[in-house]
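All heavy atoms count here, side chains included; hydrogens, waters and symmetry mates do not. Order of the sequence lines sets the chain letters (A, B, ...), proteins ahead of strands, with each chain counted from 1.
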There are 2 protein chains.
Amino acid sequence: MTVTKGVFNSDHQRDYLKHILHLQQVSSPVATTALAEAMGVAPSSVTDMLKKLSRKGYINYRPYHGITLTGEGEKEAIKAVRRHRIVERFLTDMLGFEWHEAHEEALAFEHNISDEVERRMYVACNKPTVCPHGYPIPSSVEDTIVSGVPLYSLEPGQIARVVSVEDDEPDLLRFMDSLGIKPGVRIKVDGKDPFKGPMQAEIDSKKRTIGWHLANQVYVDKVS
Amino acid sequence: MTVTKGVFNSDHQRDYLKHILHLQQVSSPVATTALAEAMGVAPSSVTDMLKKLSRKGYINYRPYHGITLTGEGEKEAIKAVRRHRIVERFLTDMLGFEWHEAHEEALAFEHNISDEVERRMYVACNKPTVCPHGYPIPSSVEDTIVSGVPLYSLEPGQIARVVSVEDDEPDLLRFMDSLGIKPGVRIKVDGKDPFKGPMQAEIDSKKRTIGWHLANQVYVDKVS
DNA sequence: TACTGTATTTAGAAACATCTAAATATAATT
DNA sequence: AATTATATTTAGATGTTTCTAAATACAGTA
Ligand SMILES: [Mn+2]
Ligand SMILES: [Mn+2]
Ligand SMILES: [Mn+2]
Ligand SMILES: [Mn+2]
């Protein structure tokens, strides 16, 4: 470990901030291991990075007790999320990518684009409010609040509308596609097996079986 | 200096290859200083990189005597140039950037985009054959040959058509724009002052004065 | 309160890209 | 052929991100 100093914000550091924002919405403060898992690096690598981010004022870091974003860190994180979702949108709307490709392509893509390119992509896509997976394109913290409940929390007889789906598993997204699940679609729950068993549901007037795992990655608004 | 080994081709290495290709079209083998100048880094940094590129088989490196691209290196360099020009095209055609912005934005942008994104940009721009500055979008070495002669080499009375302009000085590009100079435009040379003095020319039936420096950054095909 | 397992941090290293200052090789000039 | 100027490489360093293995802190159980 080498102690360093610096003021600039690299690509990787933005990625860390983005993941911290995501994780702290589930539980705060965020643990080193959770972040390491999310970033796909070793916990010791995270520790090193936390020192840098802390020194730069992006996070509040209490060794052994996890981290939270500072106001500045939150601002940067939201900018990163906004950019990611605009790029996803650009990839689907302007280049014709499928939504299951958009997320991963965007991850490779989103670094090193200027604010101006981002702005123009946003305008060229008609200032969209959500990404292809239904998540808001944020300007501030409030915009990052995700509405909706997991599909699996619904009971038989209830009707709901899909608002968003987890976008980080391409294969799962492709499978959702084959079931007709995407933001805006109406789902009627017919039944739900016990012990985390599959749901039976109607999507676009077709009867479908939806496993526990998948049904927890689809977020819906109850209609009735 | 640390001796290292590795097989992957980073962004920076691609940039080096791109600049080597460009420089060796003017004079070969390429000198360390020339490359350092082009890359905007110190000569010693270039030496380090040359060792890496040589070890990876992209260049033929004779210490103290300059370098040339290998077949493999040329292939990579051409891919980089192709990508750069497609991205420039995308920026002007799809995002509405001016040509003087396109080059610099593309430099920041072109890394980390997948082959598939590049392909789709290419298709979305209707498979263009040249970049916004008139340079070919290459598939092979032959495609990189630049036709045309410097405007300044013309004599009074001659008429020419602009094929390409140097794209690395934004301010100069903006000034060219204000004179109506761009690929495809017809220029009639009226006069040329001695001792590297300015030219007098007609562009779009307007009389213009064009300095030596500028006239050497505009490449034209003689029409008569 | 002491023990113990897991989470977290430190130690030491590699790989990358860059720098300045110093040493050396090559080329040009006397 | 000897000298000198310039180009180029080496030496030693910083800064970035990451790793494995070892040490330590914390929290939950005995
Ligand atoms: Mn995404
Ligand atoms: Mn998304
Ligand atoms: Mn260019
Ligand atoms: Mn160009």
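- Look at CE on A:Met49: it is 14 Å from P on C:dT9, rounded to the nearest Å.
- Residue side chain A:Ser44 does not reach the base of D:dT18 through any donor-acceptor N/O pair under 3.5 Å, judged by distance alone.
- When each of A:His133, A:Arg174, A:Glu169 is checked for a side chain to side chain donor-acceptor pair (under 3.5 Å) with A:His100, only A:Arg174 meets the rule.
- Within 4.0 Å of A:Thr47, counting heavy atoms only, lies at least one base atom of the nucleic acid.
- Rounded to an integer number of Å, the gap from A:Ile67 CD1 to C:dT8 C1' is 12 Å.
- With a 6.0 Å radius and a threshold of 12 heavy atoms from other residues, nucleotides or ligands, A:Glu116 has its CD atom above the threshold.
- Regarding A:Leu35, its CG atom lies at a distance of 14 Å from the C1' atom of C:dA7, rounded to whole Å.
- Nearest to the side-chain atoms of A:Tyr61 among the listed nucleotides D:dC19, C:dT9, D:dT16 stands C:dT9.
- For the pair A:His65 NE2 and D:dA27 P, the interatomic distance rounds to 4 Å; values are reported in whole Å.
- Across all strands, A:Pro63 comes closer than 4.0 Å only to sugar-phosphate atoms, never to a base (heavy-atom distances).
- Distance CG (B:Leu50) to P (D:dT8): 10 Å, rounded to an integer number of Å.
- Among the protein residues, B:Ser45 comes within range of the nucleic acid bases, having at least one heavy atom under 4.0 Å from a base atom.
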